[in-house]
> 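This is the structure I have questions about; it appears just below.
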Number of protein chains: 2
Amino acid sequence: MEAQKVLTPSKREQQKEARRNAIINAGYQEFALQGFTATKLDDVAVRAGIGKGTIYLYFDSKETLFQEVIRKNLFPIRDEAQSYAAEFKGTATEHLTSHFRRMYQALHQDRMPELVQLVMGEGLRFPEIADFFFREIISSNQELIQGIIKKGVEDGEFRESFNAEFTQILIAPAMVSALWRLQLEKQSPLDIEAYADAHIEFILRGLKA
Amino acid sequence: MEAQKVLTPSKREQQKEARRNAIINAGYQEFALQGFTATKLDDVAVRAGIGKGTIYLYFDSKETLFQEVIRKNLFPIRDEAQSYAAEFKGTATEHLTSHFRRMYQALHQDRMPELVQLVMGEGLRFPEIADFFFREIISSNQELIQGIIKKGVEDGEFRESFNAEFTQILIAPAMVSALWRLQLEKQSPLDIEAYADAHIEFILRGLKA
DNA sequence: TTATATTGACTGACTGGTCAGTCAGTTTTA
DNA sequence: TAAAACTGACTGACCAGTCAGTCAATATAA
């Protein structure tokens, strides 16, 4: 009995973990759909199939929940990108190509475009979230890309003259593609496959030695 | 007396025009600072030095005011860009360079970064504003750039193989620079001059024949 | 010119609705 | 049975939009 308590969590502990996840998932859906301010915790509770008060047993405030939602959804992507990069074998050109392909995949899956808009539009109004987002996501991605470029320069694949400090120039079109698809698809549909191809080709051309 | 009535607006008519502008300017400041949802019309009224009710003598609703604010601030920029382009003499390379320089200037003046964030983050949640924004601003800018590229291809300056449909790839880094400056300057300051130089050089390299 | 009437611009207290966060009471688990 | 988890009605703060009343500008009359 004692041992089991440690090995397999009790029914209560399982329940608690499940509740927590249910709330985060419901929050993800609602925040993505409505934006931070317009999201009602009542709706989050309904979607999670619980009472509103329960949310406050797991999170201090609406803002804390929001942070958890972002954390939970972005960390796995970041970690995968990092471990993928660490294990990659091939030329810098191949690596950069595959990194950006994976980035496009990540940016357009599930409700990721909504999350991008959320963070760019509202999240950054909360200094804590901007800080967190930069520290945990952006700078990690920047470092990955800078690493690839550095290797490319050393191997003579890429020119030296591009200031790798400005990785935003390389990444921005991918971010914008997510926002576009979300908001301007009706006015002017975007073929993401072709767009990503054109973008990656453009990057390689701009970096080639 | 009769003649004067027509030539110079009466005191009342002058007042009305001034009020309208005061409200739009106050709205611009508040919306840029707080975002659409968080902006209180009470604050707009205080900033404009009028009573809250007066706003409703000039605008139907908060949303209408928001649209006017965007209109008033973006139309002049678009019109200037168009007439500048129409009169430009020089190579496509020169034209593209100067177009993007002017774009950076416009994007970083006054409260323009805030307006960019506003439109990207919240404005696009209102279909009407997304529609308006695409119709009046984005597509105009896209057409200008596509025109320059077309000329460049015809003159043998630019390669044919870049799909000029995807102007987003060219523009995105400039948009992102505005957002970055606004939100991530503290975490990682951005030298806009150098960034713009690197961006423009990157574009030309990517387009060169 | 001066007095009076009319217009319409303006005001801000008020209303109706919304919603984050609370807590007394209920249900579930151990 | 005790403890922990859960609930949803409730509260207090907030705010877009309204409207009855005020006041300044203009028109008309004396």
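Just so we're clear, the structure is a prediction, and the values are computed from it rather than from any experiment. In what follows, chains carry the letters A, B, and so on, assigned in the order in which the sequence lines appear, proteins first and then strands, with residues in each chain numbered from 1.
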> Within the structure shown, what part of the strands sits under 4.0 Å from A/I50 by heavy-atom distance: base, sugar-phosphate, or nothing?
sugar-phosphate
> Under 4.0 Å between a side-chain N/O of A/K16 and OP1 or OP2 of D/dA5, yes or no?
yes
> Rounded to whole Å, how long is the line connecting atom CD1 of A/I23 with atom C1' of D/dC6?
11 Å
> Give the nucleotide from the list D/dC15, D/dG17, C/dA20 with an atom nearest to the side chain of B/Y56.
D/dG17
> As a test of reading the structure: which of D/dG17, C/dA9, D/dC6 is closest to the side chain of A/Q15, going by heavy atoms?
D/dC6
> Which of the following nucleotides, D/dT7, C/dG21, C/dA9, is nearest to the side chain of A/L41?
C/dG21
> Looking across every strand, which nucleic acid part, if any, lies under 4.0 Å from B/F59 by heavy atom: base, sugar-phosphate, or nothing?
nothing
> Let me know the distance between NZ of B/K40 and C1' of D/dA13, rounded to the nearest Å.
11 Å
> If I take atom CD1 in residue A/I55 and atom P in nucleotide C/dC19, what distance separates them, rounded to the nearest angstrom?
14 Å
> Students often get this wrong, so: under 4.0 angstrom with heavy atoms, is B/K52 touching a base, only sugar-phosphate, or nothing?
base
> Going by the rule ring pair (Phe, Tyr, Trp, His ring centres under 6.0 Å), which residues pair with B/H99 if we only count those two or more places apart in sequence or in a different chain?
none
> Under the 3.5 angstrom rule, does the side chain of A/H199 hit a backbone N or O of A/Y195 as a donor-acceptor pair?
no
> Which pairs pass ring pair (Phe, Tyr, Trp, His ring centres under 6.0 Å) with one or both residues in residues 24-52 of chain B, sequence neighbours excluded?
B/F31-B/F36, B/F31-B/F66, B/F36-B/F66, B/F36-B/F126
> In this structure, are over 12 heavy atoms from other groups packed under 6.0 Å from B/E193 atom CD?
no
> Starting from P on D/dA4, measure out to CZ on A/R19 and report it in whole angstrom.
18 Å
> Can you tell me how far P of C/dG17 sits from NZ of B/K62, to the nearest Å?
19 Å
> Calculate the interatomic distance between A/D42 atom CG and C/dG21 atom C1'; express it in whole Å.
11 Å
> Could you check A/T54 against A/T37 and say which one's nearest nucleotide on DNA chain C is further toward the 5' end?
A/T37
> Starting at atom CZ of A/R20, determine the distance to atom P of D/dC6, rounded to an integer number of angstrom.
13 Å
> Measure across B/A48 and B/A22 and return the closest heavy-atom pair with its distance rounded to 0.1 Å.
CB-O, 3.9 Å
> When all nucleic acid strands are considered with a 4.0 Å heavy-atom cut-off, which category describes B/L57: base, sugar-phosphate, or nothing?
base
> What is the distance from CG of B/L65 to P of D/dA16, rounded to the nearest Å?
11 Å
